[in-house]
Protein chains: 2
Amino acid sequence: MLNSYSSADKALLAVDCIIFGFDHEGLKILLIKRDFEPEKGKWSLMGGFLKRDEILDRAAIRILNTYTGLHDIYMEQLYAYSEIDRDPVERTISVSYYALINIENHNAELIQNYHAKWFSINEMPKLIFDHDEMVQHAIRRLRYRTSIKPIGFELLPEKFTMRQLLELYEAILSKELDKRNFISKINSLEILNKLEEKDMGSSRKGSYLYTFNKEKYEEKLLNDFVLNL
Amino acid sequence: MLNSYSSADKALLAVDCIIFGFDHEGLKILLIKRDFEPEKGKWSLMGGFLKRDEILDRAAIRILNTYTGLHDIYMEQLYAYSEIDRDPVERTISVSYYALINIENHNAELIQNYHAKWFSINEMPKLIFDHDEMVQHAIRRLRYRTSIKPIGFELLPEKFTMRQLLELYEAILSKELDKRNFISKINSLEILNKLEEKDMGSSRKGSYLYTFNKEKYEEKLLNDFVLNL
DNA sequence: TTTATTAATGTTGATTTTACACTTAATAAA
DNA sequence: TTTATTAAGTGTAAAATCAACATTAATAAA
């Protein structure tokens, strides 16, 4: 009988987290050395099993917190992976989640303590199971979304320069952007606050700092604006 | 211990299918009257449980076939739903899939025999569990994708008129489109074959029939072209 | 005060998008 | 056979957007 509950097969459900970060060196991803068998000692995404009384979104948050101490990170569900032997121990369906975070804001001691490590997306080690596929999928999604709506603010410090923003977009899209055109597009969205304050770290002249205007952004989102970079 | 397999909770995995169709009346969705408890007799998406030796994509195909006799339908995974009590009988995580099909090509006796029924997306009954949410989610995704890449050919008969194509897009996007601009955009993609043959059903003059040129379409897809309607 | 360094800024031509209305072909009815 | 009817088919001009491009400004260091 097709739909009888009693005869249906159960499976383990896992959640794997793809955490993107950005700093002066470019776009990175947060990985851990797996501390249990199988594949102990190999590099892996942060993952864990879904609990009986937990929804997937919540599990993703818990798992990220367990491995990194990070909290209040907004993650988005990406895809469910279900190849029969993707986990050699037991049939496990894994749902991937991804997030964007600001490395400098979050790097602190936390990640050290929990031995997670940032890798440039161009210099990642081979990962266990189907995690490489998950990462590629997440990068595609990130690029896609970035080319449509301005995300990326999560990846920068609260105050940032136009150059930082530009470099972030270049890293995500992995192509060069024209500085002047980029700036005028961003300005035309009117979702940034230009501060009086300058960042003097990068040049003699100093460059203005900006903050992200969340209210205006939310307002614009309603009319689903598109950012064509 | 966070990651021990033995202590992890298992759950049932379901797949639910959202099948979109289009005919002269507009955009529709295929539903069934549920024939087992709970919620027996209520309208529902076509769903079933994932088997031990089956991947999700494959389960979606099997379930659709079981309820409708349809086969060779390409479906795409949408989202995993995991609210604790979304299924009142037992903890069940459901992964939704959606597809677009051509009602006239597929309506035959099959769907009758299996008592699935088409509903206009504007006149759907209330569905069981969280199926309404799944449908809304799928409609959003369909609109989004349609505005980016030309899908929709799956929803039309092999030979179709420009008017049919236009009305399909209008139904999916639920907005009016300018006829001349639409036609010239579609033509500029060069993915249709204009036939000698005319459809005389709709007017004295008759309107040319077109077929979809799959080779050219695949070729274009590689350069990810965008259709801005 | 000169030099070196990076930030800031605007214009133009090309392309794309949008808005908009009349003519044509085929047939049915008179 | 003439006329009326119906939807199909077609083009243009104005507006908006995009892409390419180089010089000046501010400051610290020498």
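First the proteins, then the strands, lettered A, B, ... as listed; each starts at 1. All values below come from the heavy atoms of this structure, side chains included, with hydrogens, waters and symmetry mates left out.
Note on ring orientation: taking the six-membered ring where Trp is involved, the planes of B:Tyr79 and B:His137 are tilted (angle from 30° to 60°).
A:Met75 pairs in a side chain to side chain contact (heavy atoms under 4.5 Å, CB included) with only one of the listed residues (A:Ile19, A:Ile18, A:Val15, A:Ile101), which is A:Ile19.
If you check the side chains of B:Asp16 and B:Ser96, you find no donor sitting under 3.5 Å from an acceptor.
Partners of A:Ser202 by side chain to side chain donor-acceptor pair (under 3.5 Å), not counting sequence neighbours: none found. Residues passing the ring pair (Phe, Tyr, Trp, His ring centres under 6.0 Å) test with A:Phe119, sequence neighbours excluded: A:Trp43. Residues passing the side-chain contact (heavy atoms from CB on, under 4.5 Å) test with A:Glu190, sequence neighbours excluded: A:Lys220. By the salt bridge (charged side-chain N to carboxylate O under 4.0 Å, His left out) test, A:Asp23 pairs with A:Lys28, sequence neighbours left out. With sequence neighbours excluded, the residues satisfying salt bridge (charged side-chain N to carboxylate O under 4.0 Å, His left out) with A:Glu76 are A:Arg145. Shown here are the salt bridge (charged side-chain N to carboxylate O under 4.0 Å, His left out) partners of A:Lys205, two or more places apart in sequence or in another chain: there are none. Residues satisfying the side chain to side chain donor-acceptor pair (under 3.5 Å) test with A:Glu158, not counting sequence neighbours, are none. Residues forming a side chain to side chain donor-acceptor pair (under 3.5 Å) with A:Tyr97 (at least two apart in sequence, or on another chain): A:Asp57, A:Gln77.
Every stem involving DNA chain C, taken as at least 3 paired positions in a row under the Watson-Crick or G-U wobble test at 3.5 Å, is listed here: C:1-30 with D:1-30.
As rounded to whole Å, 19 Å separates atom P of C:dA25 from atom CG of B:Asp199. Here the P atom of nucleotide D:dA19 and the CG atom of A:Leu177 are 10 Å apart, to the nearest Å. The CD atom of A:Glu196 sits 16 Å away from the C1' atom of C:dA7 (whole-angstrom rounding). Atom C1' of nucleotide C:dA7 and atom CD of A:Glu197 are separated by 16 Å, given to the nearest angstrom. Atom NZ in A:Lys198 sits about 6 Å away from atom C1' in D:dA26, given to the nearest Å. Put simply, CZ on A:Phe182 is 17 Å from C1' on D:dA20, counting in whole angstrom units. Between the P atom of D:dG11 and the CD1 atom of B:Ile183 lies a distance of 12 Å, rounded to the nearest Å. In this structure, the CE atom of B:Met200 is 11 Å from the C1' atom of D:dA7, given to the nearest Å.
Counting any heavy atom pair closer than 4.0 Å across all strands shown, B:Met162 reaches no nucleic acid atom.
The backbone N or O of A:Ser44 lies less than 3.5 Å from no partner atom in the side chain of A:His131, so there is not a single donor-acceptor pair. At distances below 3.5 Å, not a single donor-acceptor pair connects side-chain atoms of B:Ser174 with backbone N or O atoms of B:Ala171.
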Using a cutoff of under 3.5 Å, can you pull out all pairs of nitrogen or oxygen atoms linking the protein to nucleotides 18-20 of chain C, with atom names and distances?
from: C:dT18; atom 1: OP2; to: B:Lys185; atom 2: NZ; distance (Å): 3.4
from: C:dA19; atom 1: N7; to: B:Asn181; atom 2: ND2; distance (Å): 3.0
from: C:dA19; atom 1: N6; to: B:Asn181; atom 2: OD1; distance (Å): 3.3
from: C:dC20; atom 1: N3; to: B:Arg180; atom 2: NH2; distance (Å): 3.4
from: C:dC20; atom 1: N4; to: B:Arg180; atom 2: NE; distance (Å): 3.4

Using atom names, set out every protein N or O paired with an N or O of nucleotides 13-15 of chain C below 3.5 Å, distance rounded to 0.1 Å.
none

Find every protein N or O atom lying less than 3.5 Å from an N or O atom of nucleotides 1-6 of chain D, and list the pairs.
from: D:dT5; atom 1: O2; to: B:Arg204; atom 2: NH1; distance (Å): 3.4

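A sub-4.0 Å separation between OP1 or OP2 of C:dT9 and a side-chain N or O of A:Lys194 is present.
Judged by a 6.0 Å distance limit and a 45° cone about the ring axis, A:Lys198 is positioned over the six-membered ring of A:Tyr208.
Both A:Arg163 and B:Gly206 lie near DNA chain C, and the one whose nearest nucleotide falls closer to the 5' end is A:Arg163.
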